[in-house]
Amino acid sequence: MYRWVCLLLVMATIVGRSTAQDMCGYKKCSALPVKPGYVNVHLVPHTHDDVGWLKTVDQYYYGANNSIQIAGVQYILDSVIPQLEMKPSRTFIYVEIAFFYRWWREQDADMRERVRKLVNNGQLEFINGGWCMNDEASTHYNAIIDQMTLGLQFLNTTFGECGRPLAAWHIDPFGHSREQASLFAQMGFDGFFFGRLDYQDKANRLKYQNMEEIWRASPDDLGPAADLFTGALYNHYVPPGGLCFDIGCGDQPVEDDMSLHDYNVANRVGIAVNTSLEQAKHFRTDHIMWTMGSDFQYQAAHTWFKNMDKLIAHTNSMENTKVNLLYSSPSCYVYHKNNASAAPPVVKFAHNNTADFFPYADQPHAFWSGYFTSRPAFKGYVRRCNNLLQVCKQLEVIGGPKFSDKVPLPTSERLREAMGVAQHHDAVSGTEKQHVANDYAMRLHAGAVECQVTLLYLLQHDSLLCSFAFQTTRAYQTYIMRIMCLNDLVIVSMTLQQRMAKDSALPPIPEFCNYLNISVCPVTENELIKSFTVTVYNPLARQLTGYYVRLPVNGDAFEVITDPKGINVITQVTKVSPRTQEIRGKRGKATHELVFAVTAPALGFSTYFVSQSSNISREKLPKNEMMTSRPRSLGEDQEIHNEHISVVFDGKTGLLKSVVNLETKVTLKVNQGFYWYNSSAGNNKASSRKSGAYVFRPNSTEAIPIQPEKSVITNVVSGQVVQEVQQMFSPWVSQAVRLYSGQRHVELEWTVGPIPIKDGLGKEIISRFDTDIMSNSTFYTDANGREMLERVVDRRLTWKLNQTEPVAGNYYPVNSRILIKDKSKQLTVLTDRSQGGSGLKNGSLELMVHRRMLYDDGYGVGEPLNETGVFGDGLVVRGKHYLLLDTPESSGQLHRALGEQLYMAPSILLSLAGSISPAQYRKDFHTNFTALKRELPSSVHLLTLEMWEDDTVLMRLENQLQKAEGGTTQNVSLPGLFKTFEVDVDSVEELTLGANFPAANLQRLTWNTESGQTKSEALRCWDAGTTTVSLQPMQICTLRFKLQRNQA
Ligand SMILES: [Zn+2]
């Protein structure tokens, strides 16, 4: 009796998610015609709409460029809506909100009302609900959360509670990350389904009825709050063989007029019944799911629905078959699975999987681990754009409110949407056609420019930067126009340009230099310019110190001063390296780089004043400020060191030889070099699979060294600010190893490309560290920038692996870091973008930095991954690895702090100072600003700060240390935290991670598992009535609050 009362209570809470008159969500599920004692087959009508792949996202939406692929998403939605209206039993799910949003904007009030009705009665259900269906291997958690939030927010404001997806749906991504499941659980999803898993794993799971389980996505940190019911789909995401009814399918329709020749009901129903019974053998409970749809299907939805109607009717009318077909959805399937697990006979699910689903192989010689690195430049750009987007959103909060000028002003919106699209599993993954990759990059660029302009006008408008007010509205408008012109956002007529130029009362306009990595910056490298300012905005919630800016300049004597004390900063001027000059071509002309350390306050900026200084003679500088540059003496080991680290290079080869942490005395013997794997060629059959955009398949387990016979060192730069060893491995592979004063890490800037292909061989380039660490075939990689996962060569945690590809089968996604360790030392290498990585041999660690192939791997993209770059001869990619050496105990906090600083790097604004003196500049402009009254604790990361509605803000705080890294509970008090506004503490509401649901109302389903009943409660961080946020290790706290603007 007691049990039944409990069950009813749970039911009531679940039902309570929707309004009384609506019939959506679990209320709808509870009314579905399931039959106890039957195999209940949940038919899920769906379309899989890639947000770009063979065609661009817009081409897919409109159905343009159909010679590539007949696909038009607008027609799908046009076609499905009337079909649902025709019969209330029919259902349909929609997933990719980037498309739905486009369609919705084009609909009139009448159609919108019709759609709302279908959503409210549960016929049209949103599943997953992100802007796209994101890739899981090369995405960063910050960007995943943002893209999910963008979609979920649209659904929430448009449809309310009935628009809230209850299940996650990643039917196509090529392998699955544990962090993705953890994030989904934190978003409040009750179930998660995917289509692709290793073929050996799948066979094993089918055998033991483990296709569905409760995945433990954060076993050591978040615990049950990250547990998630997860199902691997039986038939990928396509319909059962013979039962595809799309207009483009070749299967037979249900022909049920007995008077006609081709009457085939027995055949059609026979397939349905046999398939059901066979599938049911492999699943627990008497519920199974069929994915009735595929890529871009339902453009003529009636062919599907007409035949499914008939199939359901005829199958269900058969006596003694014990098969019951019904229109359903993934969430209703989860609901009924859960019901079957709650009531006797209780069905229990496995609850022991703490692994992930990487790497994915669908055949013995097809491991999809190439895309971890594919399109490395684009992967780097996506990471940089995430950085910029966070800065942009922060300043919209700090510098707002939005003001109404007559000039149309850009916002962060375009970049939010472009980033949402770029997370798609054929975007940042690098598995799209070249023209589509170009389109993604263009979208990001357009969004990035708008964001940069947003930053500039917000900094000016709210007197954050300028300490004076604009005299007239026109002066301000003219100023904004100038910013937009200068940043290529608007093109204005010559007359207007001339008029603007005359308005000398306007302050100098800051600019961004987006090509600093190749020493190009028009503002700083112009030799006629005698002085400029450098404003450093720091998006971290704590002071940034010892961050080095490196600016292209002409001349070798500069004075850099900082405010408020007007102190001279120690600088170093080094020659632009020959390699940089070579790859930048004619795009820049700086002869030198000016390097100095900057400090910027938490969530704020500092401005530095730089002037060319002809009268500072070198002799007057202290000796240690003098720059020296000398080639290494023959045969002698080369050492560079600062106060924390010593790095030694071999006298003969010029390769990295040892690294010593001077504080802890941890010493590493290391040999670092570049190697290439020769990509397999073949016919793509069985053991002749080619390496391509998806698949990595070297034709030998041994990588070939890229190394000249003589020493790789071409130059050594030593100075007080930075010491640098320049290495040349081949005309197309070089590296600069840098040690900056005060920094605890070694920076390795690698430059790779154009990869030569004239020899007809595809090449996949790695950087490998061979060390004396006793790593015992074990290495660790991060999952989407969050938790670390242990990897052991040739091992899978949940099944016994038959390894068929010893290299590719041991490659894993590295989003931010990879490490190896033994009892006394740990080597951690952080990356600036997602890459594939491994640790194949004892003490070894490798990262794939670039790849170029001549063949397609046969998985649909239909092009070899052969990026030819701006000059057509092959893409050159430049990126950085950051090396940390310490004891295993101390390494966690170090790499977390560095990792945070890398992906939330400061934004650098440069501005011509003209004839303004530093003193005058300090009078006219603020040179130091912070939006925080106090810094956050060192392990608390300000993950999100963005405007939500008019006067509400969305903020996420994250405890970024795992327990194993020394993470403990952290508290942050909200009153008096910000300077430009006050948090209205009474209005604070804790939301689920996707920000679409109050955390207090979340009641996730409870499951019976082989290890007991799951505790589904979400971790909470905020109690109404308190003023302090409390964060457990790895917990993310999502809060929405009203803000009250403080008067400056
Ligand atoms: Zn897809």
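Remember, predicted model here, so these are calculated numbers, not experimental data. Nothing fancy with the numbering, it's 1 onward along the sequence. For ligands, and for the atoms within them, numbers begin at 1 and follow the listed sequence. These values consider heavy atoms only, across backbone and side chains, with no hydrogens, waters or symmetry-generated copies.
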Under 4.0 Å between a Lys/Arg side-chain N and an Asp/Glu carboxylate O for [X] and [Y]?
X	Y	result
Arg689	Asp857	no
Arg443	Asp58	yes
Arg791	Asp356	yes

* Structure fact -> Residues passing the ring-ring contact (aromatic ring centres under 6.0 Å, His included) test with Tyr859, sequence neighbours excluded, are Trp368

* **All ring-ring contact (aromatic ring centres under 6.0 Å, His included) counterparts of Phe99, not counting sequence neighbours** => none

* Can you pull the side chain to side chain donor-acceptor pair (under 3.5 Å) pairs that have at least one residue in residues 232-242, sequence neighbours excluded? -> Tyr237-Asp295

* Leaving waters out, which protein N, O or S atoms fall under 2.8 Å from the Zn ion (ligand 1)? -> His48 NE2, Asp50 OD1, Asp172 OD2, His425 NE2

